[in-house]
There are 2 protein chains.
Amino acid sequence: MALPSGKHDVFQAIADPTRREVLKLLTDHEMPVSAISGHFPITRTAVSKHLRILAEAGLVKERKVGRETRYRLETQPLQELKSWLNYYERYWENKLSALQRFVESDEE
Amino acid sequence: MALPSGKHDVFQAIADPTRREVLKLLTDHEMPVSAISGHFPITRTAVSKHLRILAEAGLVKERKVGRETRYRLETQPLQELKSWLNYYERYWENKLSALQRFVESDEE
DNA sequence: TTGACATGAAACCAAAAGGTGTCATATAAT
DNA sequence: ATTATATGACACCTTTTGGTTTCATGTCAA
């Protein structure tokens, strides 16, 4: 499940700050490429490439409407990130994990 | 808070599969460089570079013990990832988000 | 039908990423 | 003292990344 179709996975996709900005932009709003690229100091083509990488990771979906291609956010692949994170969550410094470590404790 | 000291942040640090493996290896175990690199098909030097990147992101801490340098996991920076993820969590496919989207809906 | 948009595709580029091998240095061990 | 170990520091190489510019194509508007 969640087999990454392309060569880009979700970890790589969100590594770039611009791509994270794009995702935030698409929150609640389906947007065409030019509207998206209007928010960045880089060329439309560069934004288009970022969008393709996000699409490969499944984080956005495209829909062609007339002469424009509209992109929308797809959060489902973030589940993988969530579960990855979940593995380390028990080591965090908070009441619950502190309790856990106390109970399970066998360290120095 | 969590100001990234070096040029590598946590998003970039976890983008690489090898580095994620290193983090998993260090779970519960402080390890010297050679012991870590023994788990990978790449050279010790390469592993060392990965460790430096992880250290820049604050995900590992080093401690010199005699002639070896031991690394241990530091999960605190993952909090940033967690809160980033948290922003999108409300859009996931579950009862609550479905209800939200129904209420706020103004799409075709 | 003639332009004006919106986008994708291709060729190209500089810099960063991920590796390698070699060498220097500090610390054990004999 | 001498040798072996553990690691960091360099120099170097190849591929990937993030960008650019230019050109082709499809679609909407006059």
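Below, read A as the first sequence line, B as the second, and so on, with proteins coming before strands; counting in each chain starts at 1.
Taking atom CD of residue B/Glu30 and atom P of nucleotide D/dA6, one finds them 16 Å apart after rounding to whole Å. As rounded to whole Å, 11 Å separates atom P of D/dG18 from atom CG of A/Leu54. Following rounding to the nearest Å, A/Lys64 (NZ) and D/dT25 (P) show an atom-to-atom distance of 14 Å.
Considering CD of A/Glu68 and CD of A/Glu62, their distance stands at 13.0 Å, rounded to 0.5 Å. Considering CG of B/Leu26 and CZ of B/Arg72, their distance stands at 10.5 Å, rounded to 0.5 Å.
Mapping A/Pro41 and B/Glu62 onto DNA chain D by nearest heavy atom places B/Glu62 at the nucleotide closer to the 5' end. Residue order along DNA chain D, read from the 5' end via each residue's closest nucleotide, puts B/Thr45 first among A/Val65 and B/Thr45.
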Give every pair of a protein N or O atom and an N or O atom of nucleotides 3-7 of chain C that lie under 3.5 Å apart, one pair per line with the distance.
residue	atom	partner	partner atom	Å
C/dC5	O2	A/Arg67	NH1	3.3
C/dT7	OP1	A/Val33	N	3.1
C/dT7	OP1	A/Thr69	N	3.3
C/dT7	OP2	A/Ser34	N	2.7
C/dT7	OP2	A/Ser34	OG	2.7
C/dT7	O3'	A/Thr69	OG1	3.4

Between protein and nucleotides 14-19 of chain C, what N or O pairs are separated by less than 3.5 Å?
residue	atom	partner	partner atom	Å
C/dA17	OP1	B/Gln12	NE2	2.9
C/dG18	OP1	B/Asp16	OD1	3.2
C/dG18	OP2	B/Arg19	NH1	3.1
C/dG19	OP2	B/His50	NE2	2.5
C/dG19	N7	B/Lys49	NZ	3.1
C/dG19	O6	B/Lys49	NZ	2.4

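At least one test fails for B/Arg63 against the ring of B/Tyr71: distance under 6.0 Å to the centre or angle within 45° of the axis.
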Worked verdict on B/Phe40 versus B/His50 for side-chain contact (heavy atoms from CB on, under 4.5 Å): CA-CA 12 Å; B/Phe40 298 93; B/His50 282 307; over 6 Å; no
Given B/Ile14 and B/Leu59, is the side-chain contact (heavy atoms from CB on, under 4.5 Å) satisfied, shown in steps? CA-CA 9 Å; B/Ile14 66 165; B/Leu59 286 165; 4.0 Å; yes
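Judged purely by atom type and a 3.5 angstrom limit, B/Arg19 uses its side chain to pair as donor or acceptor with the backbone of B/Ala13.
The side-chain heavy atoms of A/Val33 and A/Arg44, taken from C-beta on, include a pair separated by under 4.5 Å.
Connection of B/Val10 to B/Val60 is established within a shared hydrophobic cluster, with ILVMFWY side chains joined at heavy-atom distances below 4.5 Å, either directly or through further cluster members.
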